[in-house]
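Just below is one structure, and these are the notes that go with it.
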Amino acid sequence: MNVRTAQELALPVGVTLDRFIMHSQSAFPYATGELSQLLRDIALAGKIINREINRAGLVDIAGANGTENVQGENQQKLDIVANIRFIRALKNGGEVCAILSEEDEDIIHTGNNHGKYVVAMDPLDGSSNIDVNVSIGTIFSIYRRVTLISEPASMADFLQGGRKQIAAGYILYGSSTMLVYSTGDGVNGFTYDHSLGEFILSHKNICSPAHGNIYSVNEGHYNSYPPFVKNYISHCKSKSYSGRYIGSLVGDFHRNLLKGGVYLYPSTKTDPKGKLRLLYECYPLAFIAEKSGGKASDGFGNILDIIPDSFHQRSPIYIGSAEMVKDVIKL
Ligand code: P6P
């Protein structure tokens, strides 16, 4: 039997999220720690939601809540739980003056009017997959407020445009739970170690492969896609690419980010503007895509250059490996 040496048994735990944040902050001499605290608050909410999700099969928390959100979509119980958990964590953290959530029509004022930041979020995307045990995710986007400190936040704080994001990321509740985020200088991934209750740096400086052989699209809507999307799907088949579509944006995006691939949610007859939300799904993932060398387009231009005009507006999205996104558009 091979007996592990003391050195092997005492391997370092790795870099915790806290230590990574503190180290990153030290690179910004004028950083005063509020953004670091905000990232910790998001991570805390992620740990709590991770626990709820893991119990979903055991504690009657899965399934529909019997209500609809502002979009008219059936809310799952965990959608509401996740929304409450994030709002509470961000309120208690004190750094955020207001939140825009997919689950609420209007912005949520936290009461921290001295908070420098606002957060747009989809607290739990893909939640209809919970009771069939498919990966789901939280998506978040962080802006520095433009309204006066001490005043309540307003629409202007949330309609600054994708290029004004100062940080964005997602939490993937999958076979393992991961937090992936960027504050503008690279993209880093942290895997949750349940035994420690810590996110540990596991994917340093993620670089999106320029090309890949995975395409993610719901081919059930094929007949209502624009011609260029149909051409691209034919192109993928001619190249014998792998179709991988799990019906959960964060899961599809994350796999394509690591392995190379492109996710497409085009406009359709039922969703002429596309299905995904610009402010808290498209913008944050486009931020991550670009900061890791990938691309994100609405079919006409860069997602991050779209000027927003309402909180819950939708956009078509073609996102992932740079060369593959270019291929979608040029076809
Ligand atoms: P469809 C989940 O509802 C979601 O917002 C994304 O997570 C997912 O990629 C997409 O919608 C699935 O939509 O129309 O293919 O079922």
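Values below: every heavy atom of this structure, side chains too, minus hydrogens, waters and symmetry copies. One-based numbering, in listed order, for ligands and for the atoms of each.
Between R244 and D252 there is no salt bridge, since none of the side-chain N atoms of the basic residue sits less than 4.0 Å from a carboxylate O of the acidic one. A salt bridge is absent between E219 and K230; no separation between the charged side-chain nitrogens and carboxylate oxygens falls under 4.0 Å.
Between F140 and Y280, the ring center distance fails the sub-6.0 Å criterion.
Taking every heavy atom of H221 and a limit of under 4.0 angstrom, the matching atoms of ligand 1 come to 14 (O). Within the listing of ligand 1, atoms 1 (P), 13 (O), 14 (O), 15 (O) sit less than 4.0 angstrom from a heavy atom of Y265. Each of the atoms 1 (P), 9 (O), 10 (C), 12 (C), 13 (O), 15 (O) of ligand 1 lies under 4.0 Å from some heavy atom of Y245. Below 4.0 Å from some heavy atom of L249 lie the following atoms of ligand 1, by number and element: 6 (C), 7 (O), 8 (C), 9 (O).
Closest protein heavy atom to atom 3 (O) of ligand 1: K275 NZ, 3.3 Å. Protein heavy atom in closest approach to atom 9 (O) of ligand 1: Y263 OH, 2.7 Å.
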Less than 3.5 Å apart, which donor and acceptor atoms pair up between the side chains of residues 10-22 and the rest of the protein, not counting sequence neighbours?
unit_1	atom_1	unit_2	atom_2	d
T16	OG1	R19	N	3.1
D18	OD1	R40	NE	2.8

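Taking any N or O of D252, backbone or side chain, none lies under 3.5 Å from an N or O belonging to ligand 1.
In this structure, D122 contributes its side chain and I139 its backbone to no donor-acceptor pair below 3.5 Å.
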Quiz prompt | Derivation of the ring pair (Phe, Tyr, Trp, His ring centres under 6.0 Å) call for Y192 and F199 | solution = CA-CA 4 Å; Y192 187 50; F199 281 103; 5.1 Å; yes
Self-check item: Step-by-step side-chain hydrogen bond (donor to acceptor under 3.5 Å, both in side chains) determination, E102 to N83
Solution: CA-CA 9 Å; E102 179 180 62; N83 198 38; over 6 Å; no
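Residue N218 touches ligand 1 through its side chain alone, judged by heavy-atom distances below 4.0 Å. Only the side chain of L276 comes within 4.0 Å of ligand 1, counting heavy atoms alone; its backbone N, CA, C and O stay farther away.
A heavy-atom separation below 4.0 Å is found between D125 and ligand 1.
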